[in-house]
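Input: a single structure, listed below in structure tokens.
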Amino acid sequence: MIIRPLSEHTVNLIAAGEVIERPAAVVKELVENALDAGAGRIEINLDNGGIDHIQVIDNGCGIEAADLPLAVSRHCTSKLFEDDLVNIKTLGFRGEALPSIGAAARLKIISRVKSAESAWQISVEGGKIINPSPAAGQMGTQVVVEDLFYALPARRKFLKTARVEYNRCEMIIQRLAISHPDVSFTLIKDGKTVLNLPIQSQKDRILAVFSDIHDEELIMLNFDRGDLKLSGFISAPSVNRATTNGQIMVVNDRPVADPVMQMAIRVGYRQVLEKGRYPVAVLFLQLPLDQVDVNVHPAKTELRFADEAAVRALIIGSIQKSLAIGAGVANVNPESLHVFPTTQYHPIKASIQYPAYQQRMGINNKEFIQEEDACAGDSFELEAGLSFKDVGDTLSRFPGKKYQKTTATLPLGYAVAQIFKTYIVAVTEHEEFVIVDQHAAHERLTHEALRQQYLEAGIQTQPLLIPEAIEFSAVHYCCLMGFKDSLADLGIEIESFGEKTILVRALPQLLGSISAQSLLIDLAEELQDKEQMSVNDIESVHTQLDAILARMACHNSVRAGRSLNEEEMNALLRQMEATPRAGTCSHGRPTWLKWSKKDMEKLFHRS
Ligand SMILES: Nc1ncnc2c1ncn2[C@@H]1O[C@H](COP(=O)(O)OP(=O)(O)O)[C@@H](O)[C@H]1O
Ligand SMILES: [Mg+2]
């Protein structure tokens, strides 16, 4: 056996396998180079999904003619200072991309530095460098990659259709564009401009890239934890997707695909999103360069954090805090989040009572409505009449009741009608039309109230007038009796009453008069899965508890199909505004929908 070094060309081909496995990877490397070169404008041309032709043009610093052969040589880079692999500020640093591309495709670079009289060009074909020669070209660099993998037919076979390859390229460009809103991007697909992004604010860039997301659906984030800084935008829970494609994570200006961060986003949304649905989230994490290792994989999208737990805690905490807002608003400044439910938006003055609703809820004023001395702002008068007529003029149609006008307007507006005994129709002062699913909303309010009671003093119980004896299946019986003490913490008092019979003595007061049997069967089902649960797993204990509280909330006595009077409807709207996470039900479905007058006009082709 003879050991010999591989030829440079073979080494490059091997690297090409790792660094540029498809057109999107070439696009990524070339755009990263343009960004590293300080470009303010980047244009990308793709033909046939990038398989036939990729061209990236930038107005960055350019490459000196004498450096061109080095640029396409392996392990040659202008970016690592004194071979310091810790303080890496640039997107590239391995000096692998251009030689790998040159080994696998036809590569041409035309570049001109400021001081040069003309541009210079260099080509590489199948690993062979063709010496630099003068060429016509603007300041900056133009890289053309043609016939990708012509030198690696086996790999070419693995490419998907042009459409699939194009979509991957587009996704990479979106990520890079979002991470650099201070750079303008143009994307031309088969000769047609499909993306044209001027230099813009971070938020405008996100909205331009995710064209299906609206301004008011984004919640701004801005939190610190020691050296870590997290900022960005996340979507209101009702704006969600079937994949994580709407999630973009940028660490120290580098778009990354990091499982730790991805998991943290999931946990952050757990209380408000259905399983299998993913939010839109664009998170920017800044941390000292020595706290993160980017040299984990040739593609440089994977990371290793020195303190993974701190990153996770920051992301989860920031998301949960930002989502703990009442219904009706998505976009609020983080600073106002803490005061929002109690002072700023406190819609109900102590003088206004909603006795019918509270009795039915089985709660007193204190649970949902914190008494405040006075609300800022003046009050306005609402007149009589609850009908579908003249909805536009709603505010003048309510009975002579005084609602307190708060400093901010009420996001969910005032109820004008109930339809199908299920939905509340409301109108806001800003000519918006709101529909609320009363059952979904009520379920979330109950869930949050149960959670709050559980965390504060334990769930309040209400003894049954006559304890109820219920027979269960053997499995359910064992499960329920096994969790007897935990159930007591949840406000459910049970005791054994024979072989398979359980005597129910008390139920949570919040749930009103419900069927003890169906609640307990439901809980037995929920608890059954938890028996194997590891007690050490804090994360899962919280998930379980929340799932159990959500199940209990499903059993509240108010369901769809109940007529609500106007006071009750408005009370529900105000409580939704004041209750964290009330924008979605416990299963992650939205509790309310809103249309502006403009939206309505569009529907009727009036605009
Ligand atoms: N668009 C560009 N503008 C200016 N210089 C570039 C550009 N693309 C590549 N270069 C130069 O070529 C070198 C090699 O590029 P590359 O193979 O991607 O490795 P790396 O980016 O890791 O340094 C870079 O270090 C840089 O000096
Ligand atoms: Mg590079």
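Both counts, for ligands and for their atoms, begin at 1 and track the order of listing. Bear in mind that the values here come from a model prediction, so they are computed numbers and not experimental data.
Salt-bridge annotation for Asp215 and Lys203: present, with a side-chain N of the basic residue lying under 4.0 Å from a carboxylate O of the acidic one. Between Glu448 and Arg451 a salt bridge is recorded (basic side-chain N to carboxylate O distance below 4.0 Å). Classification of Arg41 and Asp58 as a salt-bridged pair fails, no side-chain N sitting under 4.0 Å from a carboxylate O.
Protein heavy atom closest to atom 25 (O) of ligand 1, with residue, atom name and distance, is Ser78 N, 3.0 Å. When hydrogens are left out, the protein atom nearest atom 21 (O) of ligand 1 is Lys79 NZ, 2.7 Å; that is the closest non-hydrogen contact.
The ligand atoms of ligand 1 that sit less than 4.0 angstrom from a heavy atom of Asp58 are 1 (N), 2 (C). Annotation for ligand 1: atoms under 4.0 Å from non-hydrogen atoms of Ala71 are 12 (O), 14 (C). Per-residue contacts place Pro99 under 4.0 angstrom from the following atoms of ligand 1 (heavy atoms of the residue considered): 17 (O). Within ligand 1, the atoms closer than 4.0 Å to a non-hydrogen atom of Gly92 are 21 (O), 22 (O), numbered from 1 in the order shown. Set against the non-hydrogen atoms of Arg94, the atoms of ligand 1 under 4.0 Å away are 22 (O). Remark: ligand 1 atoms within the under-4.0 Å shell around heavy atoms of Thr77 are 20 (P), 23 (O), 25 (O). Within the listing of ligand 1, atoms 17 (O), 18 (O) sit less than 4.0 angstrom from a heavy atom of Ala97.
Between atom 13 (C) of ligand 1 and the options Cys76, Gly95, Ala37, the minimum heavy-atom separation is to Cys76. With atom 6 (C) of ligand 1 as the reference point, the heavy atom nearest to it among Ile63, Leu98, Asn33 is part of Ile63.
Interatomic distance, CD1 of Ile110 versus CD1 of Ile63, reported as 11.5 Å (0.5 Å rounding). Taking CD from Glu432 and NZ from Lys594, the interatomic distance works out to 4.0 Å, rounded to the nearest 0.5 Å.
In this structure, Lys189 forms a cation-pi arrangement with Tyr166, its terminal cationic atom sitting closer than 6.0 Å to the ring centre and no more than 45° off the ring axis.
A donor-acceptor distance shorter than 3.5 angstrom exists from the side chain of Asp190 to the backbone of Asn48, with no hydrogens or angles considered. Remark: side-chain polar atoms of Arg581 are not paired, donor with acceptor, to backbone N or O of Ala324 under 3.5 angstrom.
The distance from the Mg ion (ligand 2) to the nearest N/O/S atom of Thr77 is not under 2.8 Å.
For a threshold of 3.5 Å applied to N or O pairs, the pair formed by Glu29 and ligand 1 contains no separation below that value.
Proximity of Gly60 to ligand 1 is not established, as no heavy-atom distance is less than 4.0 Å.
Side chains of Asn196 and Thr193: no donor on one and acceptor on the other come within 3.5 Å.
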